[in-house]
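The structure appears below as structure tokens.
Hydrogens, waters and symmetry mates are skipped; everything else that's a heavy atom, side chains included, is used. Indexing begins at 1, ligand by ligand and atom by atom, following the structure's order.
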Amino acid sequence: MRSATCLIFATLAALMMSAGVFAEAPSTAEDCASCHNKDGVSDDEDIPTIAGASAFFLENQMFVFKEGARPCAKEEFGEEEHEGIAEDHCDLAKDLSEKEITELAAYFSDKPFQSADQKFDADLAKMGAQIHEQRCEKCHSDAGSLALDDAGILAGQWKAYLVRTMNDYKKGDRWQPEKMQPAMEALSEKDIRALAEYYAREGKN
Ligand code: HEC
Ligand code: HEC
């Protein structure tokens with residue numbers, strides 16, 4: 001009787017784990033923690049928070065890295081405290097199987113997004129709001145705060161990272177949806193700064 005109960009519990013536990021109810025960290029997540037932290041919430045302005053974005057988006061980014069279709073964060077990987085993980089983000093992604101990528105994406109997607117603790121410039125944010133309304137909101141709704149848009153989380157993301165990645169898009173150094181390209185190419189340096197200030201303003205905690 002006792003062992004039968006145990007068996008039922010063991011089976012239940014296995015089922016719940018496979019359904020992600022316990023959302024235990026996959027072992028590969030250890031390789032992410034030194035930069036993105038255990039829960040995917042970064043405290044470094046040059047490293048994006050990955051918690052709470054959609055699994056589809058996160059998974060896609062890992063494939064973009066695998067293809068070398070966005071800058072590979074060589075500089076951060078070269079820093080002493082991250083030594084031994086991989087040469088850079090593209091190599092790290094190449095070393096992961098599709099199954100591992102799916103598990104990692106599900107894990108970080110399940111974690112709550114937390115807005116970065118950062119100041120913003122009110123005047124620039126106002127200017128950014130206008131640009132966003134006209135050119136970005138249709139794909140990044142609610143100031144880019146909704147995971148279900150499958151377009152990352154912009155509201156509350158680190159400004160420094162956003163400025164860098166918007167410039168990567170503008171220069172064509174990061175893969176992007178075809179329809180986003182004209183919007184990014186048209187942005188001036190000031191527009192990019194204004195947008196980043198706006199997304200910082202829209203971060204909620
Ligand atoms: C040495 C630091 C470092 C480590 C380790 C690291 N990352 Fe990153 N990650 C970065 C940086 C920096 C970026 C931003 C790259 C850029 O500028 O485009 C990034 C970007 C990402 C992105 C894209 C986020 C977005 O909003 O576009 C994802 C997803 C990601 N990392 C997942 C992971 C996962 C999963 C792991 C562990 C398997 C990991 N990273 C390990 C530094 C790191
Ligand atoms: C036609 C739809 C569309 C438009 C318009 C658009 N975007 Fe995007 N954007 C996307 C999608 C989809 C992604 C995710 C791309 C991917 O999976 O690699 C994205 C990704 C991004 C990211 C990366 C987020 C991250 O976490 O790394 C930034 C930043 C961004 N967009 C900013 C903008 C800004 C600013 C505008 C307006 C000037 C804009 N986008 C207009 C669809 C769009």
Side-chain angles (χ1 to χ4, degrees), residues 25-38 40 42 44-67 69-96 100-109 113 128 130-141 143-144 147 149-170 173-188 191-192 194-196 198-199:
S27 60
T28 44
E30 285 166 24
D31 286 343
C32 322
S34 74
C35 288
H36 297 285
N37 283 333
K38 201 164 100 334
S42 157
D44 178 332
E45 63 169 10
D46 287 320
I47 298 176
T49 281
I50 55 175
S54 73
F56 178 88
F57 169 81
L58 293 174
E59 196 169 330
N60 201 33
Q61 293 320 302
M62 295 312 278
F63 287 108
V64 174
F65 281 127
K66 239 187 212 280
E67 296 290 316
R70 64 180 280 184
C72 302
K74 233 184 172 52
E75 214 174 288
E76 283 82 0
F77 275 77
E79 286 167 15
E80 218 175 301
E81 65 261 42
H82 312 302
E83 252 175 27
I85 294 177
E87 189 73 13
D88 60 34
H89 223 309
C90 299
D91 273 355
L92 178 72
K94 276 183 210 151
D95 286 343
L96 295 167
E100 285 169 330
I101 288 180
T102 306
E103 283 170 357
L104 283 163
Y107 173 70
F108 285 113
S109 164
F113 179 85
Q130 266 179 355
I131 304 171
H132 177 86
E133 276 309 316
Q134 286 164 10
R135 310 189 209 163
C136 321
E137 172 72 19
K138 66 169 183 263
C139 302
H140 296 278
S141 31
D149 281 340
D150 288 331
I153 305 274
L154 307 184
Q157 184 57 274
W158 285 108
K159 290 192 286 188
Y161 164 70
L162 285 176
V163 167
R164 184 172 79 229
T165 212
M166 283 190 271
N167 275 306
D168 289 337
Y169 281 135
K170 183 177 151 79
D173 289 347
R174 175 175 172 180
W175 179 87
Q176 64 192 307
E178 217 175 299
K179 285 189 178 151
M180 187 167 112
Q181 201 170 352
M184 299 314 287
E185 277 172 3
L187 297 175
S188 70
D191 293 342
I192 287 179
L195 282 160
Y198 165 66
Y199 297 129

Here the atoms of ligand 2 under 4.0 Å from any heavy atom belonging to Arg135 are 5 (C), 37 (C), 41 (C)
Ligand 2 versus Glu133: contacting region, heavy-atom distance under 4.0 Å
neither
So between Glu76, Glu79, Glu75, Arg70, whose heavy atom ends up nearest atom 12 (C) of ligand 1?
Glu76
Looking at Ala143 and Tyr199, what are the two nearest heavy atoms and their distance?
O-CD2, 3.7 Å
Where is the nearest protein heavy atom to atom 17 (O) of ligand 1: which residue, which atom, and how far?
Arg164 NH2, 2.6 Å
Kindly determine whether Arg164 and Asp46 satisfy salt bridge (Lys or Arg N to Asp or Glu O under 4.0 Å), including the steps that lead there.
CA-CA 8 Å; Arg164 184 172 79 229; Asp46 287 320; 3.7 Å; yes
Please enumerate all residues that pass side-chain contact (heavy atoms from CB on, under 4.5 Å) together with Pro177, with sequence neighbours excluded.
Trp175, Met180
Contact with ligand 2 for Tyr199, non-hydrogen, under 4.0 angstrom
yes
Contact atoms of ligand 2, heavy-atom distance to Gln61 under 4.0 Å:
16 (C), 17 (O), 18 (O)
If you count the atoms of ligand 2 from 1 in the order shown, which ones are under 4.0 Å from a heavy atom of Leu195?
35 (C)
Side chain of Ser109, backbone of Ala53: donor and acceptor closer than 3.5 Å?
yes
Residue pair Leu104 / Leu58, side-chain heavy-atom distance below 4.5 Å:
no
Are Asn60 and ligand 2 in contact, using a heavy-atom cut-off of under 4.0 Å?
yes
Contacting atoms of ligand 2, where contact means under 4.0 angstrom from a heavy atom of Lys179:
1 (C)
Close-contact set for ligand 2 against Trp175 heavy atoms, below 4.0 Å
16 (C), 18 (O)
Any protein N, O or S atom under 2.8 Å from atom 8 (Fe) of ligand 2? Found His140 NE2, Met180 SD
Would you say Arg174 and Gln61 are linked by a side-chain donor-acceptor pair, where the criterion is simply a distance under 3.5 Å?
yes
Does a side-chain heavy-atom distance below 4.5 Å link Glu80 with Glu83?
yes
Indicate yes or no for a side-chain donor-acceptor contact from Ser42 to the backbone of Asp44 under 3.5 Å, with no hydrogens or angles considered.
yes
If you have a sec, work out which protein heavy atom is nearest atom 29 (C) of ligand 1 and how many Å separate them, to one decimal?
Leu58 CD2, 3.7 Å
Would you say Leu92 and Phe77 make side-chain contact, with heavy atoms under 4.5 Å?
yes
I'd like to check whether Thr49 has a polar contact with ligand 1, where a contact means an N/O of the residue lying under 3.5 Å from an N/O of the ligand.
no
Is it true that a side-chain atom of Lys66 and a backbone atom of Leu96 form a donor plus acceptor pair closer than 3.5 Å?
yes
Heavy atoms of other groups near Phe63 CZ, more than 12 under 6.0 Å:
yes
What's the count of protein N, O or S atoms under 2.8 Å from atom 8 (Fe) of ligand 1?
2
Is a side-chain donor or acceptor of His132 paired with a backbone partner of His140 at a separation under 3.5 angstrom?
yes
Check this for me - ligand 1, Tyr161, N or O atoms closer than 3.5 angstrom, yes or no?
yes
Donor-acceptor pair, side chain of Glu45 and main chain of Ala160, under 3.5 angstrom:
no
By side-chain hydrogen bond (donor to acceptor under 3.5 Å, both in side chains), which residues pair with Asn60, not counting sequence neighbours?
none
Would you mind reporting whether His36 and Pro48 have side-chain heavy atoms less than 4.5 Å apart?
yes
Test Ser188 against Asp191 for side-chain hydrogen bond (donor to acceptor under 3.5 Å, both in side chains), laying out the working first.
CA-CA 5 Å; Ser188 70; Asp191 293 342; 3.3 Å; yes
Identify, for atom 22 (C) of ligand 1, the protein heavy atom at the shortest distance, and state residue, atom and that distance.
Phe65 CE1, 3.7 Å
Name the option, out of Leu104, Asp31, Asp95, that contains the heavy atom nearest to atom 5 (C) of ligand 1.
Asp31
protein heavy-atom neighbour closest to atom 26 (O) of ligand 2 works out as Phe57 CZ, 3.6 Å
